[in-house]
Amino acid sequence: MLLHLSDLHFGTEKPACLQAIQQFCQQHQPEAVVVSGDLTQRARWMQFLACRKFLDSLQLPFLVVPGNHDIPLYHVWDRFFNPFVRYQALFGALEQELETEHFYLIGVNSVRRRYHTRGHISLEQIQQVHDRLQQAPVHKRKIVVTHQPFYTPPDDPHGIKDCPVLGKMALELWSQQQLFALLHGHLHQAVVYDLNQIYPLHAVHPVLDIQAGTATSTRLHQDIPNGFNLIQPDGRIEHYVFQPQTQRFVWERSWKME
């Protein structure tokens, strides 16, 4: 199984949620942890360091991608000339891959200083990910991780302004390489869509857009509780929420679209 966290926002983290995630990992031992961006609240050194220490404490392989909060907001020089210097110092390359027993994961940096909220996928990234998906083991579930979602419904107040530029073009190409899902955060809400039913992708299988809420931050969206997703090898997505009474994450609901 795969533990999908997002929007940790260190600097606004809840210690009780951090401890509950540590306990969950000790009990369930997922294959790996994925964090789909916004590791920090203001891209400060100590926030990145605290996040790194927390992820190391889980004693599991992990893959992270930057979010729009992971580039400086107030340090104008760094924002324009070296926006990822702090992120890279603690987490290395902006785009990494991770292979586990059941999953093949590709991290994609969708954050741009010119598209701070919406994000952007370049033509080069589209082709590189396509090639990696093509070469990935056929028996493993192929997953792409970005910060911004690839779909928001028409009545969503966030709308297209929170979906990356060229995202649909990327999806059309990647979906033809047995892509199972894209993992995102950004909007602080947990939803799952079958993009093959929304866009004319013509894939022969569902292509899931899996969004996670904030796992640990006080910055809740519309009072949606802290939560995370657990992705099972059979394609089931389970959503867990933090329960203050027990100080634990408990199962809330599941999705299965195969």
Worksheet item: Do H130 and Q177 have a side chain donor and acceptor closer than 3.5 Å?
Response: yes
Worksheet item: Could you go step by step and tell me if L5 and F62 meet the side chain to side chain contact (heavy atoms under 4.5 Å, CB included) rule?
Response: CA-CA 10 Å; L5 308 176; F62 62 82; over 6 Å; no
Worksheet, complete the sentence: In terms of heavy-atom contacts, M169 and I126 come closest through SD-CD1, 4.0 Å
Response to the item:
Here the pair of heavy atoms bringing G227 nearest to F249 is CA-CE2, 3.8 Å
Worksheet entry | Least distance between heavy atoms, G107 atom then E95 atom | O-CB, 3.3 Å
Practice prompt. Would you indicate whether the side-chain heavy atoms of D70 and T40 approach each other to under 4.5 Å?
Written response: yes
Worksheet item: Should the pair Y87 and F91 be assigned to parallel (<30°), tilted (30 to 60°) or perpendicular (>60°) ring geometry?
Response: tilted
Worksheet item: Got L39 and L90 here, is their nearest side-chain heavy-atom distance under 4.5 Å?
Response: no
Worksheet item: With H188, which residues qualify under side chain to side chain donor-acceptor pair (under 3.5 Å), at least two apart?
Response: D7, H9
Worksheet item: Closest heavy-atom contact between A16 and Q247?
Response: CB-OE1, 3.3 Å
Worksheet entry | Pair Q127-L123, side chain to side chain contact (heavy atoms under 4.5 Å, CB included): steps then yes or no | CA-CA 6 Å; Q127 186 61 52; L123 293 174; over 6 Å; no
Worksheet item: Got a second to check how far L187's CG is from Q189's CD, nearest 0.5 Å?
Response: 5.0 Å
Worksheet entry | Side-chain heavy-atom pair I231, F103 within 4.5 angstrom cut-off | yes
Worksheet item: For F24, what residues pass the ring pair (Phe, Tyr, Trp, His ring centres under 6.0 Å) criterion, not counting sequence neighbours?
Response: H28, F228, Y240
Worksheet item: Between the side chains of D38 and H147, is a donor N or O closer than 3.5 angstrom to an acceptor N or O?
Response: yes
Item to complete: Drop me the distance from Q47's CD to R42's CZ, to the nearest 0.5 angstrom.
Response: 8.5 Å
Practice prompt. Answer yes or no on whether R86 is positioned over the face of F48, meaning its NZ or CZ is under 6.0 Å from the six-membered ring centre and within 45° of the axis.
Written response: no
Worksheet item: Residues two or more places apart in sequence or in another chain: which of them pass side chain to side chain contact (heavy atoms under 4.5 Å, CB included) with A93?
Response: Q96
Practice prompt. Run the numbers on L60 and L3 for side chain to side chain contact (heavy atoms under 4.5 Å, CB included), then give the verdict.
Written response: CA-CA 10 Å; L60 294 166; L3 178 62; 5.8 Å; no
Worksheet item: Are T146 and H184 close enough that a side-chain donor and a side-chain acceptor fall under 3.5 Å?
Response: yes
Worksheet item: Atom CD1 in I210, atom CG in N229: separation rounded to 0.5 Å?
Response: 7.0 Å
Fill in: Close side-chain approach of L182 and Y151, heavy atoms under 4.5 Å
no
Worksheet item: Would you call E13 and L8 a side-chain contact if the rule is heavy atoms closer than 4.5 Å?
Response: no
Discussion item. A side-chain contact here means heavy atoms from C-beta on lying under 4.5 Å apart; do K168 and C163 qualify?
Written reply: no
Fill in: Partner residues of E97 under the salt bridge (Lys or Arg N to Asp or Glu O under 4.0 Å) criterion, sequence neighbours left out
R132
Worksheet item: At what distance, to the nearest 0.5 angstrom, does CG of L173 lie from CG of L133?
Response: 8.5 Å
Worksheet item: What residues form a side chain to side chain donor-acceptor pair (under 3.5 Å) with E124, not counting sequence neighbours?
Response: Q128
Discussion item. Is there a side-chain contact between F10 and F54 in this structure, where contact means two heavy atoms from C-beta onward sitting under 4.5 Å apart?
Written reply: yes
Worksheet item: Quick one: salt bridge (charged side-chain N to carboxylate O under 4.0 Å, His left out) pairs with a partner in residues 208-223, sequence neighbours left out?
Response: none
Worksheet item: Is it the case that more than 12 heavy atoms not belonging to K53 sit under 6.0 Å from its NZ atom?
Response: no
Worksheet item: Between Y104 and A136, what is the shortest heavy-atom contact and its length?
Response: CD2-CB, 3.6 Å
Discussion item. Does any part of the side chain of H239, heavy atoms only, come nearer than 4.5 Å to the side chain of V192, both counted from C-beta?
Written reply: no
Discussion item. Check whether N226 reaches the backbone of S217 with its side chain - one donor and one acceptor, N or O, closer than 3.5 Å.
Written reply: yes
Worksheet item: Is it true that a side-chain atom of R236 and a backbone atom of L230 form a donor plus acceptor pair closer than 3.5 Å?
Response: no
Fill in: Residue from E101, E99, H102 passing side chain to side chain donor-acceptor pair (under 3.5 Å) with K140
E99
Practice prompt. Would you name the heavy atoms of S6 and A212 that are closest together and state the gap between them?
Written response: CB-CB, 4.0 Å
Discussion item. If I take atom CD1 from residue I106 and atom CD1 from residue I143, how far apart are they, to the nearest 0.5 angstrom?
Written reply: 10.0 Å
Worksheet item: Would V207 and W174 satisfy side chain to side chain contact (heavy atoms under 4.5 Å, CB included), going step by step from the backbone distance to the final call?
Response: CA-CA 10 Å; V207 179; W174 299 346; over 6 Å; no
Response to the item:
Rounded to the nearest 0.5 Å, the CG atom of L195 sits from the CG atom of L208 at a distance of 7.5 Å
